[in-house]
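Notes follow the structure.
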Protein chains: 2
Amino acid sequence: MKSSDDAKMAKKMHPMPFTRIEVVVLSIIDSRLHVLLAKRAEAPYAGKWALPGGVVRIDLDGSLESAAKRVVAERLGMELPDMEQLCAVGGPKRDPRAAWALSIVFRALVRIDKISANPGKRIKSLTWCPVSEAATDRSLAFDHADLIERAVKTTRAQTNAMKLPAGLLEKQFTLSDLQTTCEQILELKLDKSSFRRKLDSRDLVVPVAGATKGGAFRPAQLYRLT
Amino acid sequence: MKSSDDAKMAKKMHPMPFTRIEVVVLSIIDSRLHVLLAKRAEAPYAGKWALPGGVVRIDLDGSLESAAKRVVAERLGMELPDMEQLCAVGGPKRDPRAAWALSIVFRALVRIDKISANPGKRIKSLTWCPVSEAATDRSLAFDHADLIERAVKTTRAQTNAMKLPAGLLEKQFTLSDLQTTCEQILELKLDKSSFRRKLDSRDLVVPVAGATKGGAFRPAQLYRLT
DNA sequence: TCAAAAGTGTTGCTTGTACACCCATGT
DNA sequence: ACATGGGTGTACAAGCAACACTTTTGA
């Protein structure tokens, strides 16, 4: 028994955690940050709101990132680019289905007009909920309110550090669009002049040659991410 | 079959990833950042250097953090406080023992004179390796060189952001000690005056009343973390 | 009195904030 | 012309880096 198969034996003898992906999809609706919630079709927490998520499938997934992509496709019937891994949480009490549940949490930022989410497997319906409510809503399934809170906190920190929210922007955008988006994430007003100087001192955006956009006022220069 | 047991069935039918904890223990030796490596006693990679790690045990562990604590105790025969979760990586090719391996990576900072690591289960011997070598050493087992590189990068970013490396400090320390430690993590010289102004503008340390420490020169005020 | 390290001060530059002001456009 | 949002400039404050300087100790 003191063989090089110890590890393999250990693996076979020790049951592994019930391992899932959960996805925090954030978007801006009516000037406020919202999170996408799915109404669960099945127990546990049937009828309750939860983050869209699913089991890691070792027969299908090549990595955690591709597992997240597959889960989004199955649950929401769409693709989400730029998903970012936030953290992993695990413990014996997280999910009544399993003795021990592990979740790898991803976050995506996406424009509401670019998304075409439809309730997929095991999901009765979808809704967008303001993050301020979701993060404190004790009626959410599992520990998902905590996960949402962490995701929002991380997103705000990144925006403060001038990591631009690519998923919330059009391919081309005006600097005012960009600033407004950041302000809505942070829920605070930014100074136009400061914001722009930061942008170009760090070479975060480049003007798109000759392109502008009209209204009932002066047209704005369009930019894209570098 | 369209019952509330679908999820449970899915769980039973889908094998779960081989789920492990890996620990990047960093310390400063001879003024340079080193990482603790363990020589593997068994296949795969028998005789190769790897990060200390172990399987998540759902019968023993109450959380990922306590799993990390247990793994350190088993492999190194000691306790490590302040372990921080860095990331999770997973995929089918990471570990020949399993069809799909998932690792949750933790990092610890520890004073070399406070540590009493002894080779534990499945470990032949331990060594400290300069991080600059370890991060690029293609002979390390699994993808551990990558994990080390990520851990070091994160640690440097945190130090730059003035997150003090608690584990690398005595309970009481001089400001010069603290500065030297940060310099050794970052591998660059810092300005004394700037460093100190940052410390007290952010209230990161407090002087320990009346305590000082002698040498062949002027004694220094002792401080502790807030 | 000298070396060594502690600790403080000065100067100039960079960055951030607040706010004012001009510019281009459609109505 | 004027309202509207785009875009730029200025003035002040805060922060940081480099460097010089003073202080306190044991030898």
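Please read these numbers as outputs of a predicted model, since none were measured by experiment. In the text below, chain A, chain B and the rest are named by the order of the sequence lines, each starting its count at 1.
The distance from atom CG of Leu178(B) to atom C1' of dA5(C) is 16 Å, rounded to the nearest whole Å. In this structure, Leu199(A) places its CG atom 12 Å from P of dG7(D), rounding to the nearest Å. Summarising the geometry, the separation between CD on Gln179(A) and C1' on dG7(D) is reported as 12 Å, rounded to the nearest angstrom. Note: CD (Gln221(A)) to P (dC23(C)) measures 18 Å, nearest angstrom. In this entry the distance linking CG of Asp191(A) with P of dT15(C) reads 16 Å, nearest Å. For the pair Asp200(B) CG and dG7(C) P, the interatomic distance rounds to 13 Å; values are reported in whole Å. Taking atom NZ of Lys192(A) as the reference point, atom P of dT8(D) lies 10 Å away to the nearest angstrom. The separation between Asn160(B) atom CG and dC16(D) atom C1' is 13 Å, rounded to whole Å.
Between the Arg75(B) side chain and the Gly53(B) main chain, a donor and an acceptor come within less than 3.5 Å of each other.
Applying the 3.5 Å distance criterion, the base of dT14(C) shares no donor-acceptor pair with the side chain of Arg197(A). Applying the 3.5 Å distance criterion, the base of dG16(C) shares no donor-acceptor pair with the side chain of Lys198(A). Contact of Ser194(B) with dA17(D) (side chain to base): a donor-acceptor pair of N or O atoms is detected under 3.5 Å. Between the side chain of Ser193(A) and the base of dG7(D) there is no donor-acceptor pair of N/O atoms closer than 3.5 Å.
The side chain of Phe217(A) approaches dG6(D) more closely than any other nucleotide in the set dT25(D), dT23(D), dG6(D).
One finds a side-chain N or O of Arg196(B) lying less than 4.0 angstrom from the OP1 or OP2 phosphate oxygen of dG7(C). Phosphate contact (OP1/OP2 of dG6(D), side-chain N/O of Ser176(A), threshold under 4.0 Å): present.
Note on Glu84(A) versus Lys163(A): salt bridge recorded, some NZ/NE/NH1/NH2 to OD/OE distance being below 4.0 Å. Salt-bridge check for Arg122(B) with Glu74(B): failed, with every basic side-chain N at 4.0 Å or more from each acidic carboxylate O. The pair Arg111(A)-Glu170(A) meets the salt-bridge criterion, with a side-chain N (NZ, NE, NH1 or NH2) lying under 4.0 Å from an Asp/Glu carboxylate O.
Looking only at side-chain heavy atoms (C-beta outward), Val23(B) and Met83(B) come within less than 4.5 Å of each other.
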